[in-house]
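For reference, the structure is listed below as structure tokens.
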2 protein chains.
Amino acid sequence: MAASALSKVESVGVNLSNALEDRGLRRTATRMTVTGRIEQLNGAFTAEQLCRDLPGVGRATVYRTIRHLVDAGALCKLPILDGAPMYSIARIEHHHHTICSSCGAVGEFRHSTVERVMRSLAKEIDGDIVGHRMEIFITCNSCLAESATGKFSVHV
Amino acid sequence: MAASALSKVESVGVNLSNALEDRGLRRTATRMTVTGRIEQLNGAFTAEQLCRDLPGVGRATVYRTIRHLVDAGALCKLPILDGAPMYSIARIEHHHHTICSSCGAVGEFRHSTVERVMRSLAKEIDGDIVGHRMEIFITCNSCLAESATGKFSVHV
DNA sequence: TCTGAAACTGATACCCGGTATCAATAACTG
DNA sequence: CAGTTATTGATACCGGGTATCAGTTTCAGA
């Protein structure tokens, strides 16, 4: 792969507990448990999955903590058609997602051309552009190897 | 606006009943009622809204008909963060959506550069690209005039 | 270190969007 | 017309998520 407009996302030091504290929330043991689990998950997850992983933490608390993290901008909420939204740690400020339509793996990427396109669209769209969202549906390499069948619906 | 890579969507003759019939479904009076209402709505709508508009049609039937139309590719299902998905008639084959974050109005557009970007990304993303989705969040002109406050959440 | 206020937690009930079920009805086919 | 198949809508149900609220924890200040 040559040098290009695409930037892969590198694992930067993300500290979800700090993100909560920065919003004036207390650093409690329960929240450390939740954020710790999210950090070790190393990928996108659903709220239910987190509840299953942390049977010692109440359902409401898991959902509340996720909501706080989304509000803090530390987690991205990805709307998946026909299913529960997935969450992933926002490692970079503005980015887009790749979603494997077979296994659901989520990746982040930046591409400067996408931002350039947005600027050119700004002149031509009626109204003020306040944001955008872009997801690329892929079949990831490991699923290609297994040639698995689709699990998530794709709106093309 | 000069000639550009952006194409506005024009109202083409869409016939939702035909879309259903093409899939081997019967052209019943109830379905005509539902599709007729969607066609006269002239914009994006939610399933609940359609149910309210058609009190004479059962909830299950409204949802079933919408599902059939989505399966037929005649309706687009737009995942809205924190809320019921919206549906809009797919007037052109492949397109993207503008969503007014204030009033929720949905528009369609095509932009050839977006497709070019996708092709260039194809070389650089790990895995096979099987589709993509892009939404542009705007404040539409009429909301700008009223300077209304945001109604839909925006993931930027 | 105590003490009171405020924040947090988790069990629970609830809400909402959407779907499965199923008996009754409508639409086709021969 | 008779039989078969599709459709309908009332209903119960499901799953994701939130409001409530009593009990617990945390923290600031005395």
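All chains are named by letter (A, B, ...) in the order of the sequence lines, taking the proteins before the strands, and each is independently numbered beginning at 1. Quick note: numbers below take in every heavy atom, side chains included, and nothing from hydrogens, waters or symmetry partners. The shown structure was predicted, so the numbers you read here are calculated from the model rather than taken from an experiment.
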>> Run the side chain to side chain donor-acceptor pair (under 3.5 Å) test on A:S102 and A:T139 for me, step by step, so that the C-alpha distance in whole Å, both residues' side-chain angles and the decisive distance to 0.1 Å come before the verdict.
In response: CA-CA 6 Å; A:S102 175; A:T139 306; over 6 Å; no

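- Rounded to an integer number of Å, the gap from OH of A:Y63 to P of D:dT20 is 19 Å.
- With hydrogens and angles ignored, the 3.5 Å screen pairs no side-chain donor or acceptor of A:H97 with any backbone N or O of A:I99.
- When the C1' atom of C:dG17 is taken as reference, atom CD1 of B:I66 falls 11 Å away, rounded to whole Å.
- For the residue pair B:Y87/B:Q49, the side-chain donor-acceptor check at 3.5 Å is not satisfied.
- The CD-C1' distance, from B:E48 to C:dT19, rounds to 13 Å in whole Å.
- Distance A:L50 CG to D:dG16 P: 14 Å, rounded to the nearest Å.
- Look at CZ on A:F45: it is 15 Å from P on D:dG16, rounded to the nearest Å.
- No hydrogens or angles considered: a donor-acceptor pair under 3.5 Å links the side chains of A:R64 and A:T61.
- Residues B:R37 and B:V34 form no side-chain contact, since every pair of their non-hydrogen atoms from C-beta on lies 4.5 Å or further apart.
- The two residues B:L69 and B:L16 have their closest heavy-atom pair at CD2-O, 3.8 Å.
- Of the charged side-chain nitrogens involved, none lies within less than 4.0 Å of a carboxylate oxygen, so that A:E21 and A:R31 do not count as a salt-bridged pair.
- Between B:H96 and B:E108 the shortest side-chain heavy-atom distance does not fall below 4.5 Å.
- In this structure, the ring of A:H94 has its center less than 6.0 angstrom from the ring center of A:H132.
- Distance A:D71 CG to D:dG17 P: 14 Å, rounded to the nearest Å.
- Protein atom NZ of A:K77 is 11 Å distant from nucleotide atom C1' of D:dT18, rounded to whole Å.
- Between the CD1 atom of B:I80 and the C1' atom of C:dG17 there is a distance of 14 Å, given to the nearest Å.
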> For DNA chain D, what string of dots and brackets results from 5' to 3' when Watson-Crick and G-U pairs need both distances under 3.5 Å, crossing pairs get [ ], and pairs with another strand get |?
Replying inline: ||||||||||||||||||||||||||||||

>> I'd like to compare against my own output: the B/S/- annotation of nucleotides 7-15 of chain C with a strict under-4.0 Å heavy-atom distance to protein.
In response: SSBBB----

